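The structure appears below as structure tokens.
All of these numbers come straight from a predicted model, not from anything done at the bench.
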Amino acid sequence: MLKKFILITAVAAGLTACATSPAPKEDSRLKEAYSSCINTAEGSPEKIEACQSVLTVLKKEQAHARFAEEENVRVMDYQACIQARKSGNGQDVASRCDRIWQEIRSNNQ
């Protein structure tokens, strides 16, 4: 009876290890999806908005929470720049927006 219990415990532990191993692969896929989204967004507010949903999922993953929080600030800053640019706040806003967009892209390559 004890041998059977040990065998069942060992099999359960092995299955648990197999079940948890795809998670890191999925985590990396989410980050790759976000990077791909940002790199193809070309500064388009609509496309960046779509990337934001992937970033929201990344925030929930412990391994990527810090990256997602920092990146969210960058994206929000960039969206604020776009709004300021549309309201006609001049060249200073344009150069700041371009710098933020470059930071976002370089962070995701």
Side-chain angles (χ1 to χ4, degrees):
M1 183 70 173
L2 183 61
K3 284 184 180 180
K4 194 180 240 185
F5 177 74
I6 292 172
L7 179 63
I8 290 172
T9 304
V11 170
L15 289 175
T16 302
C18 291
T20 57
S21 60
K25 196 174 216 179
E26 183 65 28
D27 286 351
S28 68
R29 285 186 191 155
L30 283 172
K31 193 167 180 187
E32 288 171 13
Y34 176 74
S35 292
S36 176
C37 185
I38 283 296
N39 290 329
T40 59
E42 299 173 358
S44 165
E46 294 80 21
K47 290 180 181 180
I48 293 169
E49 186 98 13
C51 300
Q52 193 76 28
S53 62
V54 179
L55 198 57
T56 301
V57 174
L58 279 171
K59 281 185 194 177
K60 296 176 184 174
E61 301 294 327
Q62 186 176 5
H64 299 295
R66 183 173 178 170
F67 164 80
E69 286 297 327
E70 291 173 0
E71 193 66 12
N72 187 54
V73 170
R74 286 185 188 98
V75 171
M76 297 303 281
D77 286 347
Y78 185 68
Q79 288 175 335
C81 280
I82 292 169
Q83 291 301 321
R85 193 182 276 178
K86 287 179 182 177
S87 68
N89 276 346
Q91 290 292 353
D92 184 42
V93 172
S95 65
R96 195 176 80 186
C97 291
D98 291 343
R99 188 185 77 246
I100 292 170
W101 181 243
Q102 284 298 340
E103 286 176 15
I104 292 170
R105 287 190 59 123
S106 67
N107 199 42
N108 287 288
Q109 289 184 351

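The existence of a salt bridge linking Glu32 and Arg29 is excluded, since no basic side-chain nitrogen approaches an acidic carboxylate oxygen closer than 4.0 Å.
To the nearest 0.5 angstrom, Tyr34 atom OH is 4.5 Å from Leu55 atom CG. To the nearest 0.5 Å, the span separating OG on Ser53 from CG on Leu58 amounts to 10.0 Å. Going from atom SG of Cys51 over to atom CG of Asn39 covers 9.0 Å, rounded to the nearest 0.5 Å. Atoms SG and CD, on Cys97 and Gln102 in that order, are 12.5 Å from each other to the nearest 0.5 Å. Here the CD-CH2 distance, from Glu42 to Trp101, works out to 8.5 Å after rounding to the nearest 0.5 Å. Atom CD1 of Ile38 is separated from atom CZ of Arg105 by 9.0 Å, given to the nearest 0.5 angstrom.
In this structure, the side chain of Asn107 does not engage the main chain of Glu103 through any donor-acceptor pair within 3.5 Å. Without hydrogens or angle criteria, Ser44 side chain to Ala41 main chain gives no donor-acceptor distance under 3.5 Å.
Counting heavy atoms from C-beta outward, Lys31 and Asn108 have side chains that stay 4.5 Å or more apart. When side chains are defined from C-beta on, Glu46 does not count as touching Glu49, because their heavy atoms never get closer than 4.5 Å. At least one side-chain heavy atom of Gln52 sits under 4.5 Å from a side-chain heavy atom of Asn72.
When all heavy atoms of Val75 and Ile48 are compared, the pair lying nearest together is CG1-CG2, 3.5 Å. Closest approach of Ala68 to Lys59, counting heavy atoms only: CB-CG, 3.4 Å. In terms of heavy atoms, Cys37 sits closest to Ala50 at SG-C, 4.3 Å.
Hydrophobic clustering of Ile, Leu, Val, Met, Phe, Trp and Tyr side chains at less than 4.5 Å, counting indirect connections, unites Val57 with Ile104.
Each of Gln62, Glu70, His64, Glu69 was scored for a side chain to side chain contact (heavy atoms under 4.5 Å, CB included) with Arg66, with one residue passing: Glu70.
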